[in-house]
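A short write-up of the structure that comes next.
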Number of protein chains: 2
Amino acid sequence: MSRPRDAAATKAALLDAATKLFGERGFDRTTVRDIANLAGVNQALLFRYFGSKDTLFATVLATQSRELLEDSPAEHLLRNVLLRMLEEKPRREDHPLYAVLRSSHHDSSAELVRRQLGEEYARALASLTDSDDAQLRADLVLAWIVGIGVLRTVFGKQPLAGADSADVAALVTKAASVLLEHTEAG
Amino acid sequence: MSRPRDAAATKAALLDAATKLFGERGFDRTTVRDIANLAGVNQALLFRYFGSKDTLFATVLATQSRELLEDSPAEHLLRNVLLRMLEEKPRREDHPLYAVLRSSHHDSSAELVRRQLGEEYARALASLTDSDDAQLRADLVLAWIVGIGVLRTVFGKQPLAGADSADVAALVTKAASVLLEHTEAG
DNA sequence: GTCGGATGTAAGCGACTGCTTACATGGGGG
DNA sequence: CCCCCATGTAAGCAGTCGCTTACATCCGAC
């Protein structure tokens, strides 16, 4: 009755379950038993295939950030990231920032992955302006995106959490354009 | 040799220690034994004076948010909050948002305190504009402040984390003024 | 002085955590 | 066919968690 033995499928099921739970609850409040139960496998397999909970978390972040960044050219990144943050029913497990935001996870390689993610976002955003403090301006825009995600999901702050995506995107892009505009008119 | 018995002082020492550790590590990664050790008292006293770790956390948040808001009139709130976020050596324990950001703490009364804190910030910010979507605009400004705090402390994102306070404040207030300006010129 | 409640302490309980180990089982290659 | 290793499972270990309990000790009221 049970599905045939398939290591790759089991590993994928564990990764999917971990992605969902880390995004919803953060690292600390997600247990390896929860992940294994959601994946429908024995929790010992988690350690066979990923080695440790830390490694699994790092793998989740790496996988998500790769998926998000691989098809977002710089000029569309702000829009893409913002829109995904603003989806009506935000699927928390789909956005790597959610797992990061819910996990104050200092040690282990997760810290490196987390920073790298921020670096990639910011580098892409910085290319949108030619100001000499482009990096700082990009960081501020990134900070805004992150903050909006926090208020919408962690805080559930109204009216922002329930606001229309287009309205929010319009306000943000309008204000952010002050930071990202080119210093000399084209 | 030990200080005289003083329940009020003991309680205050526990609250101070909890404020510091919750702000640095978040709720989950702070243990009651850590708090008691830092306060220099037996950990059983934490439960005598605060009942539970949850209650202590809620008390920390309530105390901090009261202190922050009580002497910040609306027109100075953005500046005050932003400047405190941008202090050179950010004393994480001093800003209630740090404890909140590091604690994905869903249940218990902490959720209520967290929302109330957001409500107070946003209400004050909303009074700065007369636009009909003032609340939404205020939420976006609040989101920005939160996001800057996250990038500076949780991520440690450079160059934002090491940027000059005045530079950051100038950029943010300039861009935020687009959102908070009055709809008809004075 | 002494008595009693307020204050502080040591020890441990039961639950849960990440992780390991010893063992069952199934399916493809000889 | 059968054997063997990849795959899956059950049980449990050692440590930590929040919290409780039983017991010392101090100090002010009388």
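Sequence lines set the chain letters: A, B, ... in the order given, protein chains first and strands last, and positions in each chain run from 1. Treat the numbers as computed from the prediction; the structure is a model and nothing was measured.
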ask   = What is the nucleic acid contact for B/Y49, judged by heavy atoms within less than 4.0 Å: base, sugar-phosphate only, or nothing?
value =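 Sugar-phosphate contact only.
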inquiry  = At 4.0 Å (heavy atoms only), tell me whether B/A7 reaches a base, stays on the sugar-phosphate, or touches nothing.
reply    = sugar-phosphate
message = Return whichever of A/T31 or A/A44 has its heavy-atom-nearest nucleotide of DNA chain C closer to the 5' end.
response = A/T31
note = Result for 5'-nearest mapping on DNA chain C, choosing between B/L45 and A/F47, is B/L45
Given atom [atom1] of [X] and atom [atom2] of [N], what is their separation to the nearest angstrom?
X     : N      : atom1 : atom2 : value
B/L46 : D/dG18 : CG    : P     : 9 Å
A/D6  : D/dG8  : CG    : P     : 8 Å
A/K11 : D/dA6  : NZ    : C1'   : 14 Å
B/K53 : D/dC19 : NZ    : P     : 8 Å
B/D34 : D/dC19 : CG    : C1'   : 16 Å

ask   = Going by the ring pair (Phe, Tyr, Trp, His ring centres under 6.0 Å) test, which pairs reach into residues 125-148 of chain B, not counting sequence neighbours?
value = A/W144-B/W144
inquiry  = I'd like to check A/L179 versus A/T129 (side-chain heavy atoms, cut-off strictly below 4.5 Å). Are they in contact?
reply    =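 When only atoms from C-beta onward are counted, A/T129 and A/L179 do not touch, as no gap falls below 4.5 Å.
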message = For a 4.5 angstrom cut-off between non-hydrogen side-chain atoms, does B/D133 reach A/D167?
response =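 In short, these two side chains do not touch, never coming nearer than 4.5 Å.
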request  = Applying side chain to side chain contact (heavy atoms under 4.5 Å, CB included), run through A/L56 and A/L14 and close with a yes or a no.
outcome  = CA-CA 9 Å; A/L56 176 56; A/L14 281 167; 5.5 Å; no
Donor-acceptor pair (no angle test) under 3.5 Å: B/R5 side chain, D/dT25 base =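 Such a pair is found, so the answer is yes.
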note = Comparing A/R33 with A/A8, nearest DNA chain D nucleotide closer to 5' gives the residue A/A8
ask   = How are the rings of A/F27 and A/F22 set relative to one another: parallel (under 30°), tilted (30 to 60°) or perpendicular (over 60°)?
value = parallel
Bounds of contact between DNA chain C and chain A, in 5' to 3' order, using a heavy-atom cut-off under 4.0 Å =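 First and last nucleotides in contact are C/dT17 to C/dG26.
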task = For A/D139 and B/L160, indicate whether the former's side chain and the latter's backbone hold a donor-acceptor pair under 3.5 Å.
result = yes
request  = Quick one: list whatever passes side chain to side chain contact (heavy atoms under 4.5 Å, CB included) with A/F47, sequence neighbours left out.
outcome  = A/V32, A/Q43
